[in-house]
Structures are given as structure tokens and as C-alpha cells.
Visitor: 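Here it is, the structure, as C-alpha cells.
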2 protein chains.
Amino acid sequence: MSPQAEPGAGSKPKRSSGRRPSLTREEILAAALAIVDEGGLDALTMRAVADRLGVYPNAVHWHMGSRSGLIGAVSTKVFDEIRLPPQRDVPWPDWIRAMAREIRRVMRRHHHLAQVIGTQLVTTTGAMPFVERVLSVLTDAGFDDERLTVAYNSVIGFAIGWPALELSTEPTDQHSAWKDDFAAELAGLNPLLFPALTRAMPAVRNRAYLLRWDSGATEPLDTSFEFALDILVAGLGAQLPG
Amino acid sequence: MSPQAEPGAGSKPKRSSGRRPSLTREEILAAALAIVDEGGLDALTMRAVADRLGVYPNAVHWHMGSRSGLIGAVSTKVFDEIRLPPQRDVPWPDWIRAMAREIRRVMRRHHHLAQVIGTQLVTTTGAMPFVERVLSVLTDAGFDDERLTVAYNSVIGFAIGWPALELSTEPTDQHSAWKDDFAAELAGLNPLLFPALTRAMPAVRNRAYLLRWDSGATEPLDTSFEFALDILVAGLGAQLPG
DNA sequence: ACCTGAACACCGTTCAAGT
DNA sequence: ACCTGAACACCGTTCAAGT
């Protein structure tokens, strides 16, 4: 059950045959992405990347500078997978919806990186085509210079922040007993102290924030996301003059 | 400049005088909270907590089970600080606003824990009074059983997810040159390729998601948050019958 | 410039032993 | 039950040395 299943991991790097071509940054990021998708962020160690590439740890260190630098760099790869819908002749509410769904889709594909994207400053010009499109759509919708920034932040804050919370990771260790424990605690709440919660319990248990024990990675909150998206678009429209 | 400034850190635990009273879970969590507030999540090690309390690392381990268990436990302490506004005779939009501002306030107070709350499953019955109030307010507002869950998730998803993204932490290492580098990259973007972004640049540089290099912990996005809050309340109201 | 090979300081966790 | 004292396996990073 341990993440590192490879026999002989940690041993000396073994080249399969002859000289490998010079190590490249893209090669490192691809290996890192594979590791984090498989084993989570904790599994992404410099040594794991080095092992996978058949080099010494310092080879990775030389290219990436540090582990946190590696994590930051690999998190930007998620933005490369964003495929935005065409903008021409599409009403802005439809475009905003499609954009938010696409963000959520790529974050779900790399849900272990969602916590990095959601809580660590990501600075990459690779996201600029995406940013340009969002600003363009909001400008065309009628948000002028002052309100453009706040509208943009409202939209992006939702589009990234909401799925990041949805895709919260489960605790790494534990003996899986905590799930049953928490479920039992919820079932044992005093109905007199928590009347609204008790009434809603069948609908919310394991399906609502602060009341669930499974991650959105395995138990998606689809209808809630769509509802929140409706709220965003309707509320945004209400801010437009006219 | 190193986080551990204490001389003799890592040395044998030194009791100041006589026998300390038996170590308690609350005592450990208080020490852990102080450490993470001062030095960030990376500084929160079992040994740092042990050093601060004058015990051996295994004493902490015995009480908390694991480091990730410690992190999860200390993150729930943030919910203890939530002081919700009274509910009687307050229109639901006002209450939702006050609640969201309060969540953001306590997350800001412990902004290094925002990344835990925003991206790790937090299961604590200590948050149930808070949950009860939110469900109660939304029920009174007119959201029935089916729509109550999705409305609740929409609201909480915003109230926690948005500040979590705002409070994104800066990379730990680096030589602070990356800030200037990123600023220069933004300034050097081709205006023909990014017309909307170029036009908006004076307003958005370091003030908008994906375009900033300072965390919301030091550069708050106050007006954007209030704007997003307006959107949430207006959009939520539009979902009510009548 | 790019990487090997080895070392250092640190950390989470485990273990036997004490009380 | 609660903690000491020491050990183990692992990790990020550094360093000298090679090419």
C-alpha cells in the first residue's frame, strides 16, 4: 500500500543503455506531473523524480533550484491544458460558464495539484492567453476600467477557488476509521441543539462542505457547482448598467 | 533570517524548574498555532512543537498520532474563533454578508492555515454551530430541502474558497528576484497579442489573480471581495421563488 | 553547462525502556 | 497512560569533482 512500489528505489541510477540525452526541464516537469497525479503532492520528492529519470537527485536540483520551485513549475502545467471555447458570437454568460467548467475539468484531472493552484501564488505568463480572453469577454459585456478588475477577480476567484475547495484532499495517514467516526459524530448530534442541521442531514451528509468525508475528487458536487455558476452569472449580470 | 532563531534548538529538552504538568492536547495545539502563525506551515514540525514545549518529539507524536493529524487538528482551531452575528430580525442578505466577512477575517488572522482549510478535508463537529446557523438562515430565506444543499454549498464554497485563493502563500525559497522577473515579463507582453490585458494592466498588475506577485495576506483584495459578495447575494436572491 | 558521487543537517516515525 | 532517550529511514540541499 506504500506509494513507492518500485523495487530497488533509492538505489544508484541505472541507465538502460548508453548515454541518455541531456536532461531537459520539460522532461523533469512531465515526470513530476506523473508522480503527483499518481501519488499526491507528498510523493513528489526530488529523489522520486530523479529515480524515475534515472539520474541523481542533484541533477533535478540543478534544473529546478528547489523542491518548492519544482512544485510551482509543475502546477503551471495545468494551465497549459486549458482549452477555451471560441469567443465570437457567444453571449458572455455562456462563455463564462464554459470557461469555469473547463477550469474545473483540468483541475479535476490533476486534483492533487488543485491545492497548489488554489493556495499558492502561481506566476506564469503561460496563463496570459487565458487571462486575455477573460478580460476581453468581460470588457465586451460592459465592464469598464474600474469595474473590470473587480469583476475579473470575482469570476476567477470563483472559477479557481470553488473547485479547489471541492477537490480538498483527504488526510494522508489515518486508519480510515476517522470517516466512520465523523459519520457517527454527525449522526449523534443533538436534534434540539441543531434542528436545521438534523432536518437537512439526509441531504447534506457527505454531500456538503464541512459535512463530508469524501473528497470532491471521488464524490463531485456537480449540482452545487452548477447552482453556484448560475448565481455567479446572474449576480454578475445584475451589476451591469441597464 | 532563518525561521528557527532559538539558540540551542534541537538540543535536549530543558525543563525550567521541577516537573511540568502533564502535556495536554490543547497545549500542543496552542503551541502549534503559534508556530504556524509565525513561520508558516513548513515551520510546523513535530520537533519544533516539542522544542517549544520542552519535551521530546515523541511526546507530541503520542498525543497527535502524526504530523498531518496535527495540521488537521490545528486548522480546526480557526473555526473556534468565528463569532457569528445575531440572526434575529436580520435580513438574510445582511447576515450572509456578515458571515462571509467573518470567515475571511479569521482566515486572514491565520493566513498560513488558509491553505489547509481551503484544500484539505476538515472534519470537526466544532464547526457545527456555524453550519447550523447557515442552514437556518438559508431555510428562513426560502430555500427548501432540495435547493438548500446546493445553496449552502454555493455560499460556503465562496466564503471559504474565495479567501483561500486570495490568501495564497508566496513561494518559500527564491531570492525575491522572481517578483521583479514576473513584473518585467508582464510589462514586456506584446500589446498586439494581448490588447485587453495591455489596456487593463495599470489596474490589474499585482491586483488581480494570475497577475499578482504579492499575497492577499499583505495586499488584500478588499473591493474585489465586496464586489464578489454583492454578486453572491444578488445571484442567490434571484434563485428564490417570487 | 551539466551531472556524478558522496556527504550533511534535518525530519517523521518507531521502538524499547522507564515511571 | 505518558514520556524519555535513542535509533532508523528518508529527505532537501550542498559540495567537490568530473566531463
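Letters go in sequence order (proteins before strands), and every chain restarts at 1.
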Visitor: Does OP1 or OP2 of C:dA1 have a side-chain N or O of A:Ser22 closer than 4.0 Å?
Guide: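 The answer is no; no side-chain N or O of A:Ser22 sits under 4.0 Å from OP1 or OP2.
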Visitor: Separation of B:Tyr56 atom OH from C:dG18 atom P, in whole Å?
Guide: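 After rounding, the gap between these two atoms is 15 Å.
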Visitor: For A:Asp42 and D:dC10, give me the distance from atom CG to atom P, rounded to whole Å.
Guide: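 About 15 Å, once rounded to whole Å.
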Visitor: Between A:Glu102 (side chain only) and A:Arg83 (backbone N and O only), is there a donor and an acceptor less than 3.5 Å apart?
Guide: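 Side chain of A:Glu102 to backbone of A:Arg83: a pair is present.
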Visitor: Please check: side-chain N/O of A:His112 versus main-chain N/O of A:Val36, any donor-acceptor pairing under 3.5 Å?
Guide: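 Yes.
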Visitor: Roughly, in whole Å, what's the span from CG in B:Asn58 to P in C:dC15?
Guide: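 Roughly 11 Å, once rounded to whole Å.
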Visitor: In the structure I gave you, are the side-chain heavy atoms of B:Leu197 and B:Leu211 within less than 4.5 Å of one another anywhere?
Guide: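 Touching, per the 4.5 Å side-chain cut-off.
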Visitor: Could you state the CD-P distance from B:Glu27 to D:dC2, rounded to the nearest angstrom?
Guide: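 Checked: the CD to P distance equals 13 Å.
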Visitor: Distance check needed: D:dC11 C1' versus B:Arg47 CZ, whole Å only.
Guide: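 Between C1' of D:dC11 and CZ of B:Arg47: 13 Å.
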Visitor: Let me have DNA chain D in dot-bracket notation, would you? Count Watson-Crick plus G-U wobble pairs, both distances under 3.5 Å, and use [ ] for pairs crossing earlier ones and | for inter-strand partners.
Guide: ||.|||||...|||||.||
Visitor: Rounded to the Å, how far apart are A:Trp62 CH2 and C:dA1 P?
Guide: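 Rounded to the whole Å, the gap is 7 Å.
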Visitor: How about B:Thr169 and B:Leu41: do any of their side-chain heavy atoms sit closer than 4.5 Å?
Guide: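 No; the side chains remain at least 4.5 Å from each other.
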Visitor: Which class fits the ring pair A:Trp213 and A:Phe182: parallel under 30°, tilted 30 to 60°, perpendicular over 60°?
Guide: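 Perpendicular: the ring planes of A:Trp213 and A:Phe182 meet at over 60°.
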Visitor: Let me know which of A:Arg108, A:His111, A:Arg105, A:Arg104 forms a side chain to side chain contact (heavy atoms under 4.5 Å, CB included) with A:Pro163.
Guide: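 So, applying the side chain to side chain contact (heavy atoms under 4.5 Å, CB included) to A:Pro163 and each of A:Arg108, A:His111, A:Arg105, A:Arg104, only A:Arg104 qualifies.
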Visitor: More 5' along DNA chain D: B:Thr24 or A:Ala48, using each one's nearest nucleotide?
Guide: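 Closer to the 5' end of DNA chain D: B:Thr24.
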Visitor: Rounding to an integer number of Å, can you tell me how far A:Asp51 CG sits from D:dC10 C1'?
Guide: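 Taking CG of A:Asp51 and C1' of D:dC10, I get 12 Å after rounding.
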Visitor: Please check if the side chain of B:Asp214 supplies one atom and the backbone of B:Glu219 the other of a donor-acceptor pair under 3.5 Å.
Guide: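 A pair under 3.5 Å: no.
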Visitor: Report yes if at least one side-chain N or O of B:His63 is closer than 4.0 Å to OP1 or OP2 of D:dC3; otherwise report no.
Guide: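 Yes, such a contact exists.
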Visitor: Please state how far atom CE in A:Met46 lies from atom P in D:dC10, giving the value in whole angstrom units.
Guide: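 Atom CE in A:Met46 sits about 18 Å away from atom P in D:dC10.
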